[in-house]
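Below is one structure, written out as structure tokens; the observations come after it.
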There are 2 protein chains.
Amino acid sequence: MAEALEGRRSTRRTATLASLAAELGVSRTTVSNAYNRPDQLSPALRRRVLDTARRLGYPGPDPVARSLRTRKAGAVGLLLTEALSYAFRDPVAIQFLEGLALACEDNGSGLLLVPVSPEAEDVGAVARAGVDGFVVYSMPDDDEHFAAVLERPVPVVVCDQPTDVPDVDRVGIDDQAAMVELAEHLAGLGHRQVGVLCMRLSTDRNDGFASVSRQDHARYEVQRRRLAGLRDGFTAAGVDWGGVPVVERFDHTEAAGANAFDQLVERHPDVTAVVCTSDILALGALRGARAAGRDVPGDLTITGFDGVPAAERAGLTTVRQPSLDKGRAAGELLLDRGDRQRSRTLLLPTELMVRATSGPPAR
Amino acid sequence: MAEALEGRRSTRRTATLASLAAELGVSRTTVSNAYNRPDQLSPALRRRVLDTARRLGYPGPDPVARSLRTRKAGAVGLLLTEALSYAFRDPVAIQFLEGLALACEDNGSGLLLVPVSPEAEDVGAVARAGVDGFVVYSMPDDDEHFAAVLERPVPVVVCDQPTDVPDVDRVGIDDQAAMVELAEHLAGLGHRQVGVLCMRLSTDRNDGFASVSRQDHARYEVQRRRLAGLRDGFTAAGVDWGGVPVVERFDHTEAAGANAFDQLVERHPDVTAVVCTSDILALGALRGARAAGRDVPGDLTITGFDGVPAAERAGLTTVRQPSLDKGRAAGELLLDRGDRQRSRTLLLPTELMVRATSGPPAR
DNA sequence: GTGAAAGCGCTAACAG
DNA sequence: CTGTTAGCGCTTTCAC
């Protein structure tokens, strides 16, 4: 792969620490000290070492050799659900990344984005990553890449899912409780005919209605729990969950949200509230609803989940979760680990944001 | 720094390839082959090796040791102007990152975000990064981190700035020509009283008016060239550039754009057009203008630069640049380098997007 | 299909 | 303040 990296610059065969030492007539230790422990040698000698290094074109200690010797890479690996580039398209992931980057820079650690091939086939990238630990962002159950991470003898912190992995710290939110709260809000408003739009429940594509069984066996724990929260909340209000239509979309885009909305209302024109398990889907649904001439919230209630900036601009009723804090906490959990023995789970607070897209059902 | 990473998992002292070989009674080569060249040994033996590895808890070849031996890290380093986390706050940087990530994942390379300390003091992070090459995103002239990158004997690709670095490939746009085109558009509309809002011109904070001398000596080449383009374009239309107020802001936020706008119009209430060197600043200016009761574009023209999604939503007249393509091209330039001898510069096209915030001056 | 030899380039005791 | 000693864990010709 990287054999392509043979430019002019890399061709410049460089001197090594040993050759520099030989040239100077000092020991390797001295040269090493000149770089790593300036206080261990006289300023004059240090200057001479550094000057000679410059003259010989010695670029300083090789980072990989140093890592091998010191047993630390100075970097945190990040494993993401989707292809690497997806991280930069999803506003929630971006906020998470920002928080994680903050923790890394506080610590002087690099952040290595591990390239997981789209087809999730080559687990090798995980095995090849020179890192001191991994942060894993929202992986489905039974993911091979995640399994590969667990093979590595380094600490791991998971964000969101999967939960309950032995010896692994986790940071997340209480997805289920957050959705119960939202359901109560909606039920309190009087909604009984509801429909749901959710993200993918499995790694196999299913763009359409999801049965209760499929919901219960979703490989994405976060979606599973959000749906479970809705079920609990609405069931408590007397709604028969088995009769609640749930439309699933594999792609997480506004367009997907919009056409999922269309699919939902075509079959269930009577719903008074459309609950979406993400803001992106909700924003799409909102667009779809308006395109269909529906008045939100007068005629129809639509809600999201996440609390992204665009949701705020759109006045979307949603559940806000602290994505940036999750990233920072994940980084800190990984980096600042003291003598902690047991693995721990950090649950961050969520907040129901009642805004302008929810109201009582039209009568 | 990373000594903190001593969790339970990392404590599990792992077997090495050598100890595995000893246990199996085969040579290290054989074990190595079992992992790296499955075709070099019998399936039966390979199975035995892998099984024993599992039993002994051998996690597979150590990536750092392998990198030392093979002389490749399997990762690209990314150096950014600002603190690492800033990258996730700037929509242009995010798009660039997405493109770069795309190129990396195509190549199976990791992407290492190098932690540059906010105070830009410790250049060590660059020296310590185990990477096969660097992509440098928009650095000021004479930056120490960039200098440290050039010390490393690996290929380097610069995006945007600085230009004209020997032996370094570059991808960018023609900032100056793009701005000439915008100036011509505005001059063609009839604007002669213009004001400018620009990003930081130097690493020292100057939130206020920038003299022509300061403009000409800006350490940020991109800003320098955009201003030069405006100067050329407006001068050609008969405007005395020396009389054109240029307000500089260190922070790149909408809030900064809004108050820069206020500062500009307070001193120069007669301007009919406010040209901003970025969309973020322009969006802020737009907000400031509306807060001040100005009608855009009826009463005042405002333009941006970059073509971010928010600018499109706002109907902002701007210059679109292909940020994602820049990222991808930078990655490809670094990764796909054939036998190329000379360094090359790739200039991508820009496009003037005339939308709803520019019009003829009020009369 | 398998093994022996030879480092990759560096750092960390520890002794002087 | 400087040098000696000993690897860190792995891959890769090149014979057998």
Side-chain angles (χ1 to χ4, degrees), chain A residues 1-3 10 13-49 53 56-74 124 127-130 132 152-154, chain B residues 1-3 10 13-49 53 56-74 124 127-130 132 152-154:
Chain A
M1 69 186 201
E3 51 261 35
S10 62
R13 268 279 146 271
T14 74
T16 71
L17 184 146
S19 70
L20 217 199
E23 170 82 15
L24 281 158
V26 302
S27 84
R28 302 204 288 284
T29 307
T30 301
V31 177
S32 177
N33 283 339
Y35 285 94
N36 304 319
R37 309 176 160 188
D39 53 317
Q40 296 296 295
L41 72 179
S42 66
L45 178 55
R46 174 150 194 262
R47 157 118 264 106
R48 193 159 76 90
V49 172
L56 263 52
Y58 174 63
D62 179 289
V64 175
R66 165 191 265 140
S67 285
L68 175 58
R69 186 59 238 238
T70 61
R71 308 269 54 195
K72 59 205 29 156
R128 245 162 313 185
D132 301 315
R152 295 278 306 264
V154 295
Chain B
M1 70 187 205
E3 52 261 36
S10 62
R13 269 275 146 275
T14 73
T16 70
L17 184 147
S19 69
L20 217 199
E23 170 83 14
L24 281 158
V26 301
S27 83
R28 302 204 288 284
T29 308
T30 301
V31 177
S32 177
N33 283 339
Y35 285 94
N36 303 318
R37 309 177 161 187
D39 53 316
Q40 296 297 295
L41 72 180
S42 66
L45 178 54
R46 173 149 195 264
R47 158 118 263 106
R48 193 159 75 88
V49 172
L56 263 50
Y58 174 62
D62 179 290
V64 174
R66 165 190 266 141
S67 286
L68 175 58
R69 187 60 238 242
T70 61
R71 308 267 57 197
K72 58 206 30 157
R128 246 162 314 186
D132 300 315
R152 298 276 307 262
V154 296

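Every chain is numbered from 1, with letters handed out A, B, ... down the list of sequences.
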How close or far is atom [atom2] of [N] from atom [atom1] of [X], stated in whole angstroms?
X     : N      : atom1 : atom2 : answer
A:R48 : D:dC1  : CZ    : P     : 15 Å
B:L20 : D:dC10 : CG    : P     : 9 Å
B:D39 : D:dT12 : CG    : P     : 13 Å
B:N33 : D:dC10 : CG    : C1'   : 12 Å

Practice item. Compare side-chain N and O positions of B:S27 against OP1 and OP2 of C:dT2 and report whether any pair is under 4.0 Å apart. Key: no

Study note, to complete from the structure: With sugar-phosphate taken as primed atoms, P, OP1 and OP2 and all else as base, the protein-contact string of nucleotides 6-16 of chain C at under 4.0 Å (heavy atoms; B, S, -) is BBBBBBBB---

Exercise for review: Would you classify A:V26 as touching base, sugar-phosphate or nothing, given that sugar-phosphate means primed atoms plus P, OP1 and OP2, and contacts are heavy atoms under 4.0 Å?
Suggested key: sugar-phosphate

Distance check, rounded to the nearest 0.5 Å: [X] atom [atom1] versus [Y] atom [atom2]?
X     : Y     : atom1 : atom2 : value
A:R69 : B:L68 : CZ    : CG    : 12.5 Å
A:S27 : A:N33 : OG    : CG    : 7.5 Å
B:L41 : B:S32 : CG    : OG    : 10.0 Å

**Study point:** Set of side chain to side chain donor-acceptor pair (under 3.5 Å) partners for A:T29, sequence neighbours left out
**Key:** none

Review point. Quick one: salt bridge (charged side-chain N to carboxylate O under 4.0 Å, His left out) pairs with a partner in residues 28-40 of chain B, sequence neighbours left out?
Key: none

Exercise for review: Go through B:D132 and B:V154 one step at a time and tell me if the side chain to side chain contact (heavy atoms under 4.5 Å, CB included) criterion holds.
Suggested key: CA-CA 6 Å; B:D132 300 315; B:V154 296; 5.8 Å; no

